[in-house]
Amino acid sequence: MPKQTISNRNIHVDLRYLKLLARDFPTISQVTTEIINLEAILHLPKPTEHFLADLHGENEAFQHVLRNASGNIKRKVKEIFGNTMREKEIRDLCTLIYYPKQKLELVKQNDTDLSDYYQTTLNQLIAVCRNVSSKYTRSKVRKSLPTEFAYIIEELLHESSDDRNKQAYVGVIIQTIIGTGRAAGFVEAICELIQRLAIDQLHILGDIFDRGPGAHLIMDTLSAYHHWDIQWGNHDILWMGAAAGNKACIASVLRLSFRYANTQTIEEGYGINMVPLATFAMETYADDPCTIFYPKIEDPTRKPTEKTCKLIAKMHKAIAIIQFKLEAQLYQKHPEWEMNDRALLEGISLEDHSCLIEGTRYELNDTHFPTLDPNAPYKLTAEEEDLITRLQHSFLISDRLQTHVQQLLLHGSMYGIYNSNLLFHASVPLNEDGTPKEVEVEGARVSGRELMQRVEQLVRTAFDDEADSMERERAKDYFWYLWCGPDSPLFDKSKMATFERYFINDKSTHKEEKGWYYSLRENPSVCDNIMDAFHVVGKHRHIINGHVPVRASNGENPIKADGKLMVIDGGFAKAYHNTTGIAGYTLVYHSRGFQLVQHAPFTSTEEAILNGTDIRSTTQIVEMMGHRAMVNDTDKGAELREQIADLEKLLIAYRRGLIKEQ
């Protein structure tokens, strides 16, 4: 790094700051040591980032991708042992790394010489751990070590058994671990460390919730994860709105849960009491077969009984009608949204079983509306009002849900910029000519980056206890617009045709016209303009999105706009497997470039443990760097260079006597 020239004037200007810095580095020796340390870190390889999108509650697949680092761990094991181990042995070692506790239980049942197994396996695990830790400083690795085995692991990582002088020393450590009965615990600890070091930072491009049954479990994992961020998706925002108390969001969260017969997250995960809704639905729709509201069963292993399906269908219809009433109330309350055309219950004619939509009358496929008052179609009955108020209370007092939403606020944003990559879930609303589209948000017309920032402020205002009560209420309402508003950067379609898909067979009414972003993003210059507007710089810069499933089975390429845009929604949720032909993407950004990992459907955790079955993945090289990227080339490198510059000023201040050593 070139030596900086620092003038006396600059030193004096920064003197107050330097005195504060001197508290952490009170001597010249400590300053120079830190400069040497930071300079060395700049020349380490860039740590690995993983990008995932649209997890939709598929916890088992998510956990497996985290545990195997999108196949990266297996690749490293093959590099180390490819010439000395058979394929089955490599598979068994990888399964142990992914699921150490469960795999060891199988080994204990089937292996007659556990001591020999542990002796061999521990040496193999240490070799793998040494490889994955090589990108990091000893200090960073030390902070990742499990407390119980920290000293032993550190010794084994930095003492090679190839060194004749250390062979006995290393050997005795391993033998003593086995002899004292701590081998199983040590194996688990070092396997978890390998998983931890294989992924330095995890980026989630939205949509943790809905479809699958394990969103709450995914959130539990993320809450304890070492380094992650999320760009909120429309389904996350829907749940955040529900947690804030938006009744329309609550109704829609429940409706989606019933639509896919997925009540685990609602009931088991967040303890929402469904008894009042079940009671209301059975009484109100007792003689209604609710045929069109039968749940969609996407995973046969999760199929409820026929009796349960009938109950879910009634609950599904009950909450759907409540949702249509509540959302219409919001459209009337907020004319600036320009969504009154989505208030459709007033167009229903009970006499001729039809509904007026956009000037055309369509036949309804369901005509039983016992709670609908034609003279006041959006007024809730007393029973509906009581029910939604009780449900709102359940969402507001769910400690686990509120804790998870706080995690989404802490780690989340509408967009993120990391190492020249612009991350957002769905869209930046555009005009037909590719220019940023102005959208009204709370009286101000904003676009592009400013739109994203203003939306994020509103989201946070909804959870700000110190905010003005009226401002907070408007912010809570806005969650609904973010979910389905035509110019919402999380939706960006002409409409969400929920009512039409339920009640009208004419599929022309189901069509949702996408905003211009979705077609114009194929144009490299449009992507460049967006990145310019968001102040994204760098020779290798990209936009990374989720939200719209990539139809890989139809030949659609997730890499668009000459490599400037990557769409990584490959369909983790089983609902999308037939659409995409795959089961998700993971984008991996390591020191040599980008790799897109395309995953086949995950069978089950049990199958992975018993038979060593991994997710079959195909790796596509997206972009390789001309040189290996170092920490110096990253955002972290820029931070470290600033720290070094400050330390060099402090060093000069010490040497010139402007600040005294302590």
Side-chain angles (χ1 to χ4, degrees), residues 206 230-249 252 326-343 405 408-409 412-417 422-464 466-496 512-518 520 529-530 532-535 543 545 547:
I230 179 171
Q231 290 67 53
W232 303 316
N234 52 324
H235 288 267
D236 307 315
I237 282 291
L238 183 67
W239 276 79
M240 292 166 77
N246 183 310
K247 291 179 178 179
C249 290
S252 191
L326 289 169
E327 64 176 284
Q329 291 175 16
L330 285 175
Y331 303 146
Q332 293 170 346
K333 182 179 178 183
H334 295 280
E336 72 276 10
W337 292 359
E338 298 181 353
M339 292 182 69
N340 266 321
D341 61 317
R342 301 308 303 152
V405 168
L408 292 174
L409 292 168
S413 58
M414 282 296 295
Y415 74 95
I417 300 172
L422 173 60
L423 281 53
F424 54 87
H425 175 68
S427 162
V428 175
L430 300 175
N431 295 311
E432 186 176 359
D433 63 359
T435 56
K437 184 176 184 178
E438 285 194 344
V439 179
E440 183 174 330
V441 182
E442 290 296 288
R445 295 197 67 79
V446 288
S447 63
R449 181 167 170 260
E450 192 179 357
L451 169 62
M452 294 290 210
Q453 292 172 339
R454 184 69 187 104
V455 165
E456 183 172 331
Q457 289 169 7
L458 265 183
V459 169
R460 296 188 185 281
T461 298
F463 295 95
D464 182 1
E466 302 300 318
D468 174 78
S469 59
M470 290 294 292
E471 188 180 5
R472 234 185 129 184
E473 195 62 32
R474 289 196 304 271
K476 289 179 184 177
D477 288 350
Y478 199 71
F479 281 105
W480 186 256
Y481 186 86
L482 287 175
W483 165 243
C484 62
D487 289 326
S488 163
L490 295 176
F491 184 63
D492 197 10
K493 295 181 184 178
S494 58
K495 66 180 181 181
M496 186 177 284
E512 302 169 347
E513 295 286 349
K514 293 179 182 176
W516 286 106
Y517 172 81
Y518 297 109
L520 295 175
N529 290 339
I530 291 172
D532 288 342
F534 279 80
H535 305 161
I543 295 172
N545 284 168
H547 188 60

**Request:** Could you point out which residue of Gln453, His425, Glu456, Gln231 forms a side chain to side chain donor-acceptor pair (under 3.5 Å) with Tyr415?
**Result:** Gln453
**Item:** Single hit among Asp492, Asn545, Asp487 for side chain to side chain donor-acceptor pair (under 3.5 Å) with Ser427
**Value:**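 The option that passes is Asp492.
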How long is the span from the [atom1] atom in [X] to the [atom2] atom in [Y], to the nearest 0.5 Å?
X	Y	atom1	atom2	value
Glu440	Glu338	CD	CD	8.0 Å
Asp236	Ile230	CG	CD1	4.5 Å
Ile417	Phe424	CD1	CZ	10.5 Å
Leu430	Thr435	CG	OG1	7.5 Å
Glu327	Cys484	CD	SG	6.0 Å
Met452	Leu490	CE	CG	7.0 Å

Measure from the side-chain N and O atoms of [X] to the backbone N and O of [Y], and report whether any donor-acceptor pair falls under 3.5 Å.
X	Y	result
Asn431	Asp433	no
Ser488	Leu482	yes
Ser252	Ala248	no

**Prompt:** Partners of Ala533 by side chain to side chain contact (heavy atoms under 4.5 Å, CB included), sequence neighbours excluded?
**Reply:**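 Partners of Ala533 by the side chain to side chain contact (heavy atoms under 4.5 Å, CB included) criterion come out as none, since no residue qualifies.
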**Request:** Take Glu442 and Arg474 through the test salt bridge (charged side-chain N to carboxylate O under 4.0 Å, His left out) and record every step on the way to the result.
**Result:** CA-CA 8 Å; Glu442 290 296 288; Arg474 289 196 304 271; 2.7 Å; yes
**Asked** Counting only heavy atoms not in Glu336, do more than 12 fall under 6.0 Å of its CD?
**Response** yes
Could you report the tightest heavy-atom contact between [X] and [Y], atom names first, then the distance?
X	Y	value
Phe479	Ile237	CD2-O, 3.5 Å
Ala426	Pro489	CB-O, 3.4 Å
Ala244	Phe463	CB-CZ, 3.7 Å
Ala242	Cys249	N-CB, 3.5 Å
Ala475	Leu458	CB-O, 3.3 Å
Lys514	Lys493	CA-CG, 4.1 Å

Any side-chain heavy-atom pair of [X] and [Y] under 4.5 Å:
X	Y	answer
Trp232	Met414	yes
Val459	Leu409	yes
Leu408	Trp239	no
Met240	Asn246	no
Ser447	Glu438	yes
Asp341	Tyr331	no

**Message:** For a salt bridge (charged side-chain N to carboxylate O under 4.0 Å, His left out) check, start with the C-alpha distance between Arg454 and Glu450, then their side-chain angles and the critical distance, and finish with the verdict.
**Reply:** CA-CA 6 Å; Arg454 184 69 187 104; Glu450 192 179 357; over 6 Å; no
**Message:** Would you call the rings of Trp337 and Tyr481 parallel, tilted or perpendicular, taking 30° and 60° as the class edges?
**Reply:** tilted
**Asked** Relative to the ring of Trp483, is the ring of Trp480 parallel (under 30°), tilted (30 to 60°) or perpendicular (over 60°)?
**Response**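 Geometry flag for Trp483 against Trp480: tilted rings.
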